[in-house]
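Worksheet for the structure shown next.
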Amino acid sequence: MKVLVTGATGFLGKHVCAALRARGDEVVPFSRSTGGDILDAAKVRAAATGCEIALHCAGFVSRRPEDAERLYRVHVEGTKTVLEACKTAGVRRVVVASSSGTVAISDDPDHIATESDDAPMGIIARFPYYRAKLFAERAALAMNGDGLEVVCVNPSLLLGPGDDNGSSTEDIRLVLEQRIPAVPPGGASFVDARDAAEGMILAMERGTPGDRYLLTACNITLRELFGRVARMAGIGAPILSMPRAFFPATKAAASFVDRALKRIGGSLPIDPVSLEMAHYYWYASSAHAERELAWVPRDPNETLADTVRDLRERGAVWPTPTTQAVSRDGA
């Protein structure tokens, strides 16, 4: 098939394009680096002409509150523009890359989200990125029908090789540089970007129009996640724990110190928003995708090992005496 892929040079988009080409599909890459703009309906329509399917992976990742307007414009308005242009161009189906964070975020460590859960608006409203992803997802699914099939795929945190911009693997890089002084009490959910790409393609082939599919390989506390990464890298893991009971004071203190450091040209290794996010639990179930799409993720330890290896090989990790010694020993 001839398939349009927006965000073709991004972390997920690169793996989607590679997987499609490996199948023998003709890929039409669309990204800012190739002169594309998902807010330009004419450009999207021209790229989509002759395509049967579109995989919408384009987006903008930021945890900065000041980027809220841009996040809304790119994700919500951009998604509407892409779907409308694809429909006009005769595209039959669009698979939209959303996020597990539109449903899978809780202050309950025992809660594992599914597609049937309501969006936790009280929490999502605090984070412009996930708020924009939720509104984009809703806008996309509202366009399902009347000549255009729309399916959403909701991967959890993307890890694995190829995150050239550091949009998803930044926390792993900080662990490798041993720059995390204390471990927040929350939990993460992650999936290999290569498996998320496969999930996009399976949704293209088998997904139910109007449905969404959570994709995740591992639900894990941050302490265990950081510990696994440290053991794989041959370095020490963060020892101190950040008590959840002190979260409001911790957040206020972090914000104050961050502002003070910025005045003299410095910054905290972890921004206040990321610190706040790390006090929640992002656990999700991919049972629906496994059952309906026959999607199967790889061993999460393989993903973590490949993430560590890729970050080091690309020089994304600032070397320390410890990491240099490990690298020379070939570990």
Side-chain angles (χ1 to χ4, degrees), residues 1-21 23-62 64 66-99 102 128-155 164-165 167 196-197 200-201 203-205 207 209-212:
M1 289 187 293
K2 187 176 182 182
V3 183
L4 171 69
V5 179
T6 69
T9 57
F11 188 20
L12 178 59
K14 287 191 302 184
H15 289 296
V16 167
C17 290
L20 286 169
R21 291 181 177 121
R23 287 163 31 103
D25 293 315
E26 180 184 354
V27 176
V28 179
F30 189 89
S31 66
R32 292 186 66 85
S33 62
T34 59
D37 182 352
I38 60 171
L39 290 167
D40 188 326
K43 287 187 176 180
V44 179
R45 187 165 55 249
T49 299
C51 295
E52 183 180 353
I53 303 288
L55 303 184
H56 180 41
C57 304
F60 166 57
V61 180
S62 174
R64 291 156 34 101
E66 53 266 41
D67 286 331
E69 182 178 348
R70 182 184 174 193
L71 286 163
Y72 183 90
R73 187 170 64 253
V74 170
H75 290 282
V76 182
E77 298 302 330
T79 296
K80 290 179 181 179
T81 300
V82 167
L83 267 64
E84 289 169 356
C86 284
K87 182 177 179 180
T88 302
V91 172
R92 175 177 61 84
R93 170 174 288 214
V94 179
V95 180
V96 176
S98 185
S99 166
T102 62
Y129 173 75
Y130 293 103
R131 187 168 67 239
K133 294 295 283 188
L134 175 63
F135 293 155
E137 179 183 298
R138 289 179 172 177
L141 292 176
M143 294 185 65
N144 175 64
D146 191 25
L148 182 69
E149 298 176 349
V150 180
V151 182
C152 283
V153 169
N154 300 62
D164 296 336
N165 296 322
S167 59
M200 293 281 291
I201 294 172
M204 173 184 84
E205 296 178 327
D211 208 350
R212 58 181 179 168

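Numbers here simply count residues along the sequence, with the first being 1.
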Working for side-chain contact (heavy atoms from CB on, under 4.5 Å), residues H56 and V95: CA-CA 6 Å; H56 180 41; V95 180; over 6 Å; no
Indicate yes or no for a side-chain donor-acceptor contact from D25 to the backbone of V27 under 3.5 Å, with no hydrogens or angles considered. no
Matching residue for T102 among R138, E137, K133 - test: side chain to side chain donor-acceptor pair (under 3.5 Å): E137
Could you tell me which residues satisfy salt bridge (charged side-chain N to carboxylate O under 4.0 Å, His left out) with R93, sequence neighbours excluded, listed by chain and number? E149
Would you indicate whether the side-chain heavy atoms of V150 and V96 approach each other to under 4.5 Å? yes
E52 side chain near V3 side chain, heavy-atom distance below 4.5 Å: no
Can you tell me how far SG of C86 sits from CZ of R45, rounded to the nearest 0.5 angstrom? 10.5 Å
List in chain and number order the residues that pass side chain to side chain donor-acceptor pair (under 3.5 Å) with K14, two or more places apart in sequence or in another chain; answer none if no residue qualifies. D164
Any side-chain heavy-atom pair of F30 and V5 under 4.5 Å: no
What residues form a side chain to side chain donor-acceptor pair (under 3.5 Å) with T81, not counting sequence neighbours? none
Side chains of L71 and F60: does their closest heavy-atom pair fall under 4.5 Å? yes
How close do A8 and P29 get, counting heavy atoms only, and between which atoms? CB-CB, 3.6 Å
Give a yes or no answer on whether the side chain of K87 reaches the backbone of R92 with a donor-acceptor pair at less than 3.5 Å. no
Does this structure show an ion pair linking D67 with R64, if we count only N-O contacts that are shorter than 4.0 Å? yes
Can you measure from OG (S31) to CD1 (I38) and round to the nearest 0.5 angstrom? 11.0 Å
Please report the shortest heavy-atom distance between S167 and V61, naming the atom on each side. O-CG1, 3.8 Å
Quickly, which of P209, S98, C152 forms a side-chain contact (heavy atoms from CB on, under 4.5 Å) with L141? Name it, please. C152
Any residue meeting salt bridge (charged side-chain N to carboxylate O under 4.0 Å, His left out) with D211, in chain and number order, not counting sequence neighbours: none
On the six-membered ring of Y72, is R131 placed so that its NZ or CZ lies under 6.0 angstrom from the centre and within 45° of the ring axis? no
Criterion side-chain contact (heavy atoms from CB on, under 4.5 Å) on D37 and R32, from CA distance to verdict: CA-CA 6 Å; D37 182 352; R32 292 186 66 85; 4.0 Å; yes
Side-chain (T6) to main-chain (A58) donor-acceptor, under 3.5 angstrom: yes
Pairs in or reaching into residues 71-83: which pass salt bridge (Lys or Arg N to Asp or Glu O under 4.0 Å), with residues at least two apart or in two chains? none
Tell me whether R21 at atom CZ has more than 12 heavy atoms from other residues, nucleotides or ligands lying less than 6.0 Å away. yes
Calculate, to the nearest 0.5 Å, the distance between atoms CD and CE belonging to E205 and M200 respectively. 12.5 Å
Got a donor-acceptor contact below 3.5 angstrom from the H75 side chain to the Y129 backbone? no
Starting at CD1 of I201, measure out to CG of L20 and round the result to the nearest 0.5 Å. 4.0 Å
Any L4 side-chain heavy atom under 4.5 Å of V91 side chain: no
For D40, what residues pass the salt bridge (charged side-chain N to carboxylate O under 4.0 Å, His left out) criterion, not counting sequence neighbours? none
If we ignore hydrogens and angles and just use 3.5 Å, is the side chain of T79 paired with the main-chain N or O of V76 as donor and acceptor? no
Considering all heavy atoms, the nearest V44-A85 contact: CG1-CB, 3.6 Å
Does S99 reach the side chain of N154, with side-chain heavy atoms less than 4.5 Å apart? no
